[in-house]
Amino acid sequence: QVQLVESGGGLVQAGGSLRLSCAAPVDTFSRYVMGWFREAPGKEREWVASISRIGRNTYYGDSVKGRFTISRDNAKNTVYLQMNSLKPEDTAVYYCAARWEDRMLIVSTRQRDFDSWGQGTQVTVSS
């Protein structure tokens with residue numbers, strides 16, 4: 001497992017943008033598949049986006065496709081989630097997740113595939 005620290009959450013008006021960051025202080029960051037999930041009050045945790053080890057493959061949930069972009073900078077041991085055109089329904093606690101992966105192009109999208117989780121960062125979108 002790896003320690004993950006999210007940042008960048010906050011309050012934004014509908015239509016605005018935020019960028020979340022997730023840092024992992026390990027030398028082997030490039031060996032991890034990374035993902036973002038979110039959990040809104042009263043709802044189950046939802047997968048948002050995932051990225052392969054060197055960023056070649058990215059996948060998005062239907063509710064964020066075209067508005068959110070996941071990226072990573074392995075030199076900085078950080079994965080990002082750029083969120084544009086935010087909607088009130090994007091309000092949630094956003095969690096970063098990691099999974100060790102030997103294969104370069106594999107991406108995980110299921111919660112049970114990830115074994116390291118951050119503490120979460122709150123994103124609130126006002127209407």
T121 (side chain) donor-acceptor with E6 (main chain) under 3.5 angstrom = no

request  = Answer yes when D62 and K65 have at least one side-chain N-carboxylate O distance shorter than 4.0 Å, and no when they do not.
outcome  = yes

task = Please check if atom CD in E39 has more than 12 non-hydrogen atoms from other residues, nucleotides or ligands closer than 6.0 Å.
result = yes

ask   = With under 30° as parallel and over 60° as perpendicular, where do the rings of F68 and Y94 fit, or are they tilted in between?
value = tilted

query = Around atom OH of Y60, are there more than 12 heavy atoms of other residues, nucleotides or ligands at under 6.0 Å?
reply = yes

key: Pi-cation contact, F37 with R45 (under 6.0 Å, within 45°)   = no

message = With no hydrogens and no angle check, just 3.5 Å: does a side-chain donor-acceptor pair link T69 and R19?
response = no

key: side chain to side chain contact (heavy atoms under 4.5 Å, CB included) partner of M34, chosen from V107, L4, L81   = L4

request  = Validate the cation-pi geometry between R72 and F29: distance from NZ or CZ to the six-membered ring centre under 6.0 Å, angle to the ring axis within 45°.
outcome  = yes

query = Residues in side chain to side chain donor-acceptor pair (under 3.5 Å) with K43, at least two apart?
reply = none

request  = Return yes if a side-chain donor-acceptor contact under 3.5 Å exists between R53 and S30, otherwise no.
outcome  = no

request  = Consider only side-chain N and O atoms of Q82 and N84, and report whether a donor and an acceptor are under 3.5 Å apart.
outcome  = yes

ask   = If we ignore angles and hydrogens, is there a donor and acceptor under 3.5 Å between the side chains of E89 and S63?
value = no

key: Pairs touching residues 28-37 that satisfy salt bridge (Lys or Arg N to Asp or Glu O under 4.0 Å), sequence neighbours left out   = R31-D102

ask   = With no hydrogens and no angle check, is any side-chain donor or acceptor of R67 less than 3.5 Å from a backbone partner on S85?
value = yes

